[in-house]
Amino acid sequence: MKARIHRGAHEIGGSCVELEHESSRIVLDLGRPLTAGWDDDIPLPDVPGLATGDDPDLLGVILSHGHADHWGLVPQVHPDVPRYCGRATADILRAATFWGLGVDLAETGHLADGEPVVLGPFTITPYLVDHSAYDAYALLVEAGGDRLFYSGDFRAHGRKGLLFERLLADAPGDVDVLLLEGTNLRAVGEALEQPVASESDVESDLVTTLRRTSGLAVVLSSAQNVDRLVTAYRAALQSDRILVVDPYTADVARATGNANIPVPGSAWPRLRVYITQRQRVRIKKAEEFERASYVKAVRVFAEDLAADPPAYVLYGAFSGEVSRLITAGALKDTGVVVWSVWDGYLDDPGGRRLQATLAAAGVELIQHHTSGHASEADLARLVAAISPHRVVPIHTEHPEAYPAGTVEKHPDGQWWAVHAGSSE
């Protein structure tokens, strides 16, 4: 088996790996670079058949999870090229499509934990992992006696951290190559700014903030970070508040198909829905009024929030609604806005506008967040458990900082043999 990294050998995001055995080929992930805007024209990697669908040797694209830096170029792939992903991943992205934040992957088949998928000479076994994207997988790929383990994106400190411990306890053996993400690695000699917090830490910190806040609390986060939704719901309950989500977040939660995820309805009586101005406009233009009518029984409005601010926590994509909440008297200087996404986004134009708006209104901005990626210590634990013949860096800016072991760096676009000493 041969491999080449099309993107990711020296950058975070835009991951794409092509594998070949006996002329048959598969692609692992097909993401847009994180540095690319949605209007930027990013060409497909140089993989024969991706754009044309006329190469029978290309057996399919396998997507590890639902972050756009791993699937974002799929809409450019010819519809005849098979694609595979987790069922919940596909359903979440379809649910997000109406809100302009997803896609219909038109998947050929689904990945499921521990259930092998056979494509020609390749056997792909998914391992469900802990990550900030719901339904994320690492992938063991076998062909011709060679074995490559692709970590995808993972962590050990989220709500599904036991999945990482399970992987360590029953790690695949005789792995030729561990293709390992290293998002959180820093340059040699440069330490992380602070220890990686757990999702439980985020919950605890959020409870503290909610309890000391006498006004409305707004938690700004990604609707597709389902772990964080659960965190916010649990924190709201512990603080005797009602959690209010936007309809996009509600659609994502419903799309997981998981009865343990909070979804507006009778089963979750401490959950409400607030529709933002932007979302109301989208619903009206599309004439999909059922999106508002189905949450009628649990809907709240700005005047409801203004009447009793300490009773509520808003969670979701509310950045653009903050000014309206301030104008309506719902968000005052007694309230708080919690930034619960990567802090780098605060340097974007939208983040700077938000900070200026809050400062003018005297509303506190505080950060409660944790990474969706493994710490350096947990990367080392995975290497030790799998004990691969070689570790190949991907999804990292610092391949030189990888944990001890036989680390083999390959630049983007270069073919290399998975099995050391192979004639391929």
Side-chain angles (χ1 to χ4, degrees), residues 1-9 11-21 24-33 44-50 55 57-74 76-77 81-86 89-90 105 107-113 115-129 131 133 135-144 146-154 172 175-183 382 386 388 390-396 410-419:
M1 180 163 51
K2 293 192 301 184
R4 64 171 167 172
I5 300 170
H6 284 277
R7 183 180 291 116
E11 69 180 284
I12 296 170
S15 295
C16 180
V17 181
E18 184 180 9
L19 301 178
E20 178 181 305
H21 182 70
S24 294
R25 294 173 293 111
I26 60 173
V27 173
L28 308 180
D29 284 340
L30 193 58
R32 286 178 64 86
L44 285 170
D46 185 20
V47 177
L50 263 187
D55 190 334
D57 292 337
L58 180 60
L59 304 182
V61 176
I62 298 91
L63 304 174
S64 63
H65 66 279
H67 281 158
D69 64 322
H70 291 256
W71 64 260
L73 297 184
V74 169
Q76 298 171 224
V77 174
V81 177
R83 65 284 308 266
Y84 302 82
C85 62
T89 294
L105 292 173
E107 70 276 13
T108 307
H110 296 118
L111 306 178
D113 185 35
E115 298 184 10
V117 175
V118 178
L119 299 177
F122 300 99
T123 299
I124 304 106
T125 304
Y127 287 71
L128 189 65
V129 295
H131 184 43
D135 194 34
Y137 296 91
L139 304 168
L140 175 66
V141 182
E142 303 171 88
D146 298 340
R147 290 161 65 86
L148 178 144
F149 191 84
Y150 174 49
S151 73
D153 289 358
F154 75 100
V175 169
D176 294 291
V177 168
L178 170 57
L179 193 55
L180 181 63
E181 76 122 309
T183 307
L382 183 63
I386 293 179
R390 289 126 68 218
V391 174
V392 174
I394 193 171
H395 205 278
T396 185
H410 293 285
D412 290 344
Q414 178 190 79
W415 281 107
W416 43 273
V418 169
H419 182 73

Taking all non-hydrogen atoms of both residues, which atom of [X] and which atom of [Y] are closest, and how far apart?
X	Y	result
Val77	Arg83	CG1-NH2, 3.5 Å
His6	Val47	NE2-CG2, 3.3 Å
Pro45	Cys16	CG-SG, 3.8 Å
Met1	Ala143	SD-CB, 3.9 Å
Leu58	Gly49	CD2-C, 3.7 Å
Leu59	Ser24	CD1-CB, 3.8 Å

Not counting sequence neighbours, which residues clear ring-ring contact (aromatic ring centres under 6.0 Å, His included) with His410? List them please.
Trp416
For Phe149, the ring-ring contact (aromatic ring centres under 6.0 Å, His included) test, sequence neighbours excluded, returns Tyr127
Min side-chain heavy-atom separation [X]-[Y] under 4.5 Å:
X	Y	answer
His67	Thr89	no
Asp135	Leu128	yes
Gln414	Arg4	no
Val61	Leu50	yes
Val141	Arg147	no

Check: [X] side chain, [Y] main-chain N or O, donor-acceptor pair, under 3.5 Å:
X	Y	answer
Arg390	Val418	yes
Arg25	Pro48	yes
Glu181	Thr183	yes
Asp69	Arg32	no

Say you draw a straight line from [atom1] of [X] to [atom2] of [Y]; how long is it, rounded to the nearest 0.5 Å?
X	Y	atom1	atom2	result
Leu119	Ile26	CG	CD1	6.5 Å
Leu148	Leu28	CG	CG	7.0 Å
Ile394	Glu11	CD1	CD	9.5 Å
Leu382	Leu178	CG	CG	5.5 Å
His395	Ser15	NE2	OG	4.5 Å
Leu139	Thr123	CG	OG1	12.5 Å

His65 and His131 aromatic ring geometry - parallel, tilted or perpendicular at 30°/60° bounds:
perpendicular
Does the side-chain contact (heavy atoms from CB on, under 4.5 Å) test come out yes or no for Cys85 and Trp71, once each step is laid out?
CA-CA 10 Å; Cys85 62; Trp71 64 260; over 6 Å; no
Working for side chain to side chain donor-acceptor pair (under 3.5 Å), residues Asp146 and His21:
CA-CA 10 Å; Asp146 298 340; His21 182 70; 5.3 Å; no
Using 4.0 Å as the upper bound for N to carboxylate O, is an ion pair formed by Lys2 and Glu20?
yes
Let me know which of Asp29, Leu19, Leu111, Leu30 forms a side chain to side chain contact (heavy atoms under 4.5 Å, CB included) with Ile62.
Leu111
